[in-house]
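These notes concern the structure reproduced below.
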There are 2 protein chains.
Amino acid sequence: MPDSNTAHEVLTVVFQVRHFDEHERAGRRSDAGHSAPELAVLLWQRALDPQRGAWSLPGGALGPTEDLTTSARRQLAEKVDVRELHHLEQLSVFSDPVRVPGTRTIASTYLGLVPVTSDPRIPDDTAWHPVAELPDMAFDHRVMIEHARARLAAKLSYTNIAFALAPDGFTMSELRDIYCAALGYQVDTTNLQRVLTRRGVIGSTGETARSGPGGGRPAAVHRFIDHALRVTDEFAALRPPN
Amino acid sequence: MPDSNTAHEVLTVVFQVRHFDEHERAGRRSDAGHSAPELAVLLWQRALDPQRGAWSLPGGALGPTEDLTTSARRQLAEKVDVRELHHLEQLSVFSDPVRVPGTRTIASTYLGLVPVTSDPRIPDDTAWHPVAELPDMAFDHRVMIEHARARLAAKLSYTNIAFALAPDGFTMSELRDIYCAALGYQVDTTNLQRVLTRRGVIGSTGETARSGPGGGRPAAVHRFIDHALRVTDEFAALRPPN
DNA sequence: ACAAAAGTGTTCGTGCTACACCCATGG
DNA sequence: CCATGGGTGTAGCACGAACACTTTTGT
């Protein structure tokens, strides 16, 4: 009996660092006055029961001839331009038999990252939400987002994964804002630059950016050396002998 | 149509650090003359086609009312006493539509750890194999073992995961042998002790072990403080400010 | 006494943080 | 010339690697 009563779905936590307008979200600006960017997740609102009105992660049923990664990309193509998805990796599987009502459904979750520069057209039932204040979430989707966020934060410190969130060229201030948004705490610009250059993760293009209104020294433009995930701090301790 | 033609199986990479007899495995002894322990994986040999005679990871079909972790434990109960399984964690999912012939089967893989002290009775078709020289492996099981080994090696350096491989009480030499076997390279006993005590991972019981034949100072007996997985080196860089 | 194994102390290098100080631009 | 923001220098700390040295046992 190869057939079963079990369905398999793929759900992707898509993150992007975004600015949210002040009039949308009162009383949330940095000291300097300009709004600080925040880590956002892409969600769609359920139009039908169960859990009508609650927000869900994008995704859907796994097709019979596709693997999980292909399925995740296919499903996201309806919500986000696939070319904008600079990183996609597998997270964990949620297999509680009663995690959703009806047919028993196993969910494989993915982490997807979109750079700040892209602003893909998204359907009407879909929106970016700051991870700091999530709406009512359907089923077990909230904990999936928490897992994804923890994974992202961890990898920011020992891989070059930020390449998938940053634009092609950027100033160190812009990159610091991205790290702050993704990590949820303040990061020192000076040390960020030193750590990433020492590890060979970023480098300087020759160019310089124009200084903003009110002056200030023009910033050097940097870029990520690699555009694929690389581990840059493999063993903090117990590393192999020379 | 909730029914599907897709099956779901759970496969577990069970590791244990074991001694292999010299007459079984010629020419593999340390300088001192006593055989060094090695990292071993539990496999069973297929009696039926396809891939008859090749070796497989233990596991099987996911039951309709159990989650993945429960299923892994249940399947292993036939091979290994469950009480001996001191750690079990999810690895990745293998979802290539043609990864096995016949019904499309998705495999969720797990990492399981058994302490050196236990020697569970295992069925006749089942055996421990050193990971350094695996036999002919069925399907995609070889790469699953490689994933598991990489995960174990990584976690040994930034978590207390070795508690699941070590006995209740141990000397630092015994613990070093476990780390050497699992990592595949030499580890310095002195520094291992310092790293793990500073992190609060291990501590000294008052006791001392008897010295072996040929003398030598009796060793202090140590133990792991926690018996659940704990991350001990979360941020190597970019850690939050004070 | 001697060998063997365990434990301790010391030196060194490295990677990260924090903070002070210098540079370039717009007004 | 001054405010604003970018960049550089430096001191200090915490961690881990390597290795010499001391301690405690058995024969």
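Each chain gets a letter, A, B and so on, in the order the sequences are listed, and its residues count up from 1.
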Original post:
Atom CZ of B:R217 to atom P of D:dT25: distance rounded to whole Å?
Top reply: 8 Å
Original post:
How about B:E89 and B:H87: does a side-chain donor come under 3.5 Å of a side-chain acceptor?
Top reply: yes
Subject >> Candidates D:dA18, D:dG6, C:dC16 - which lies nearest the side chain of A:R199 >> reply: C:dC16
Original post:
From D:dG6, C:dG7, C:dG15, pick the nucleotide closest to the side chain of A:R198?
Top reply: C:dG15
**OP:** Please determine, for the side chain of B:A219, which listed nucleotide (C:dA6, D:dT8, D:dG9) has the closest atom?
**Re:** C:dA6
**OP:** Between B:P218 and B:A236, name the one whose nearest nucleotide on DNA chain C is closer to the 5' end.
**Re:** B:P218
Original post:
Are OP1 or OP2 of D:dA17 and a side-chain N or O of B:R194 less than 4.0 angstrom apart?
Top reply: no
**OP:** To the nearest Å, give me how far apart CD (B:Q186) and P (D:dC19) are.
**Re:** 14 Å
**OP:** Send over the distance from A:R210 CZ to D:dG5 C1', rounded to a whole Å.
**Re:** 16 Å
Original post:
Atom CG of A:L192 to atom C1' of D:dG7: distance rounded to whole Å?
Top reply: 14 Å
Original post:
At under 4.0 Å between heavy atoms, what does A:S173 touch on the DNA or RNA strands: base, sugar-phosphate, or nothing?
Top reply: sugar-phosphate
**OP:** Find the distance B:L183:CG to D:dG16:C1' and express it as a whole number of Å.
**Re:** 15 Å
Original post:
Roughly how far, to the nearest 0.5 Å, is CG of B:L43 from CG of B:D136?
Top reply: 11.5 Å
Subject >> Minimum-distance nucleotide (side-chain atoms of A:A237 versus D:dG16, D:dG5, D:dT23) >> reply: D:dG16
Subject >> Approximate separation, where rounding is to 0.5 Å, of A:Q193 CD and A:T171 OG1 >> reply: 10.5 Å
**OP:** Measure the distance from CZ on B:R176 to C1' on D:dA17 and round it to the nearest whole Å.
**Re:** 16 Å
Original post:
Can you check whether A:F224 and A:F170 have ring centres sitting under 6.0 Å from each other?
Top reply: yes
Original post:
Rounding to a whole Å, what distance do you find between B:E174:CD and C:dA5:C1'?
Top reply: 13 Å
Original post:
Do the side-chain N and O atoms of A:T189 and A:R176 include a donor-acceptor pair separated by under 3.5 angstrom?
Top reply: yes
**OP:** Give the rounded distance in Å between these two atoms: CG of B:D188 and P of C:dT10.
**Re:** 17 Å
Subject >> Out of D:dT8, C:dC16, C:dG7, whichever nucleotide has its closest atom nearest the side chain of A:Q193 >> reply: D:dT8
**OP:** With the side chain of B:A220 defined as its heavy atoms from C-beta on, choose the nearest nucleotide among C:dG7, D:dG7, D:dG16.
**Re:** C:dG7
**OP:** Assign each of B:R239 and B:N191 to its nearest nucleotide of DNA chain C by heavy atoms, then name whichever residue's nucleotide is nearer the 5' end.
**Re:** B:N191
